[in-house]
J.: 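Structure in structure tokens, see below.
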Amino acid sequence: EYSDHDGAETYLRMDSVGGVLGNFAFFDFCREALAKRQIPLLHSHEALELLRADGRVSGVRVQTPEGETTFEARGGVVLATGGFHANPQMVRDYLRLAEPPLWGSPYSTGDGHKLAQAIGADLWHMDNMMTHMGIDMGEQRALFLSVYTANNFILVDRFGRRFRDETVQSRHGHINAGHGVELSPLHAATLVFDDTMRAAGPLGAGKSMLPVGWGLLMDSLEWSADNTAEIASGQIRRADSLRELADLCGLDPTNLENSVTAWNRACAEGEDTVFGRSAQRMAPIETGPFHALEVTPMLAWSNGGPRRNGQAQVLDVWGAVIPGLYAAGEVSSTYSWGKDGGFHIGDALAFGRIAGADAAARAL
């Protein structure tokens, strides 16, 4: 995804576990590793406060099902609490998104960030994230938008105008816009398509395509194979003419007609001179009835958190180490801007190992 960056040749592929991508494969692998080593995993334990003694982080105050208790840590505490993408206030403040549906976990609520801030930790990379165009399924849940079965579609803004190459490589939320890397998508849009596209396959990606995402795996969200169930429910709007479709969606009818006419002309000429969509991904919107689906950026993960050094030690606002406090993974991602798929997992593995080794050595 970032073949134009220095060092890209060191990245071979996105690895899987036993040839399986998704479907809890990596989670189950990690859980097995804990079980084999008889390391307890404590559910329903909420970390309330980082404790300090003699200037060092020395433990955690925790709310358990039986009441409050404390855990002492001789070597230190490692924060690996995930992101803040399920914290609406932090998402508005740092990512400038208004209540996006989630593709990632609804339990990544920024608790680790608050624990670290409470004892003076600095923050970094707080405006970085991954979004992908998705379908809002309600209750903050989303499905991955699939537009890979046919090409008879465009995206239009709230005025009914086409505004981008709809097939630009998302690079996990960081497109190359010609003048540099930028976050995308950031705004909702309307997917306009014809009946050829409707019949080609599901617009909501199921487990057979990409078995990833909280709603899909944990809440068993479903989408019909030919999109007809969603038409019946009203989630996909259908009309015999583009003007009628525009009225149903609250779009300007003339703008929508002009957008589709211009698109069909570009398809006939074999070149998108406005936004540069490749000829291989161009097909006209001409077979009625016509359809529209509201789509929106779904938030997969955040990047920023407590600033740390190369030893995974958390730093305060003056750049000094907070003794005994470490961070790894999404809670404090290394990646300040662009990144490829799975990098938070790599970050957690690499810096979790560094943090654990350093903390263990201090505990001896």
Side-chain angles (χ1 to χ4, degrees), residues 21-27 30 43-44 46-47 79-114 123 125-147 155 170-175 183-191 202-207 209-223 230 233 235 293-305 329-333 335 339-345 347-348:
L21 177 66
N23 280 324
F24 308 105
F26 184 67
F27 176 80
C30 292
H43 296 281
S44 302
E46 179 187 2
L79 293 175
T81 50
F84 61 85
H85 56 262
N87 184 313
Q89 184 66 52
M90 293 179 75
V91 167
R92 283 193 296 271
D93 289 346
Y94 293 113
L95 304 180
R96 295 180 291 176
L97 295 175
E99 299 183 12
L102 300 180
W103 196 37
S105 167
Y107 297 104
S108 290
T109 52
D111 293 0
H113 301 66
K114 296 175 184 177
L123 299 177
H125 311 161
M126 293 296 288
D127 62 343
N128 200 9
M129 62 178 173
M130 177 200 164
T131 57
H132 193 281
M133 198 62 87
I135 304 169
D136 190 342
M137 300 296 285
E139 300 179 0
Q140 266 203 318
R141 304 171 305 168
L143 276 180
F144 191 94
L145 176 66
S146 171
V147 289
L155 287 173
S170 72
R171 306 200 311 181
H172 285 81
H174 301 71
I175 66 169
L183 294 170
S184 178
L186 297 175
H187 305 286
T190 301
L191 183 76
L203 294 173
K207 290 183 180 179
M209 176 188 172
L210 186 65
V212 176
W214 186 274
L216 188 66
L217 296 179
M218 300 298 289
D219 297 331
S220 301
L221 295 180
E222 295 182 347
W223 194 272
E230 291 71 30
S233 71
Q235 190 167 15
L293 173 65
E294 299 299 319
V295 295
T296 191
M298 59 180 190
L299 186 54
W301 55 68
S302 58
N303 270 50
E330 188 183 353
V331 68
S332 175
S333 176
Y335 304 100
K339 63 184 179 301
D340 209 320
F343 271 21
H344 286 326
I345 296 172
D347 189 292

J.: Tell me every residue that passes side-chain hydrogen bond (donor to acceptor under 3.5 Å, both in side chains) with His113, counting only those two or more places apart in sequence or in another chain.
T.: none
J.: Give, for atom CG of Leu155 and atom CE of Met133, the distance between the pair rounded to the nearest 0.5 Å.
T.: 5.5 Å
J.: Which residues satisfy the side-chain contact (heavy atoms from CB on, under 4.5 Å) test with Glu222, sequence neighbours excluded?
T.: none
J.: For Thr131 and Pro185, indicate whether the former's side chain and the latter's backbone hold a donor-acceptor pair under 3.5 Å.
T.: yes
J.: Please check this pair: side chain of His132 against backbone of Leu145, looking for a donor-acceptor N/O pair closer than 3.5 Å.
T.: no
J.: For Trp214, check side-chain hydrogen bond (donor to acceptor under 3.5 Å, both in side chains) against everything at least two apart and list the hits.
T.: none
J.: How long is the span from the CZ atom in Arg141 to the CD1 atom in Ile135, to the nearest 0.5 Å?
T.: 13.0 Å
J.: Is any side-chain heavy atom of Val331 closer than 4.5 Å to one of Thr81?
T.: yes
J.: Report yes if some heavy atom in the side chain of Glu330 is under 4.5 Å from a heavy atom in the side chain of Ser302; otherwise report no.
T.: yes
J.: Residues two or more places apart in sequence or in another chain: which of them pass side-chain contact (heavy atoms from CB on, under 4.5 Å) with Arg96?
T.: none
J.: How many angstroms lie between CG in Leu216 and CZ in Phe144, if you round to the nearest 0.5 Å?
T.: 11.5 Å
J.: Looking at every non-hydrogen atom in both residues, tell me the closest pair between His174 and Leu183 and how far apart they are.
T.: NE2-CD2, 3.4 Å
J.: What residues, two or more places apart in sequence or in another chain, satisfy side-chain contact (heavy atoms from CB on, under 4.5 Å) together with His172?
T.: Glu1, Met14, Met130, Trp301, Asp340
J.: For Glu139, what residues pass the side-chain hydrogen bond (donor to acceptor under 3.5 Å, both in side chains) criterion, not counting sequence neighbours?
T.: none
J.: Could you work out, with ring pair (Phe, Tyr, Trp, His ring centres under 6.0 Å) as the rule, every residue matching Phe26, not counting sequence neighbours?
T.: none
J.: For Phe343, give me all partners under ring pair (Phe, Tyr, Trp, His ring centres under 6.0 Å), at least two apart in sequence or on another chain.
T.: Tyr11, Tyr335
J.: Of all the heavy-atom pairs spanning Ala86 and Tyr107, show the shortest one and how long it is.
T.: CB-N, 4.3 Å
J.: Yes or no on side chain to side chain contact (heavy atoms under 4.5 Å, CB included) for Asn303 and Asp127, after CA distance, side-chain angles and deciding distance?
T.: CA-CA 8 Å; Asn303 270 50; Asp127 62 343; over 6 Å; no
J.: Less than 4.5 Å apart, any side-chain heavy atom of Tyr94 and any of Met129?
T.: no
J.: What is the distance from atom NZ of Lys114 to atom CG of Asn87, rounded to the nearest 0.5 Å?
T.: 5.0 Å
J.: Less than 4.5 Å apart, side chain to side chain, heavy atoms only: is that true for Asn128 and Ser333?
T.: no
J.: Are the side chain of His85 and the backbone of Met90 linked by a donor-acceptor contact shorter than 3.5 Å?
T.: no
J.: In chain order, what residues pass the side-chain hydrogen bond (donor to acceptor under 3.5 Å, both in side chains) check against Asp219, with sequence neighbours excluded?
T.: none
J.: Once side-chain contact (heavy atoms from CB on, under 4.5 Å) is applied, do any residues pair with Gln140, and if so which ones, sequence neighbours excluded?
T.: Leu102
J.: Just wondering, do Phe84 and Gln89 contact through their side chains at under 4.5 Å, heavy atoms?
T.: no
J.: In terms of heavy-atom contacts, does NE2 of His125 have more than 12 from other residues, nucleotides or ligands at under 6.0 Å?
T.: yes
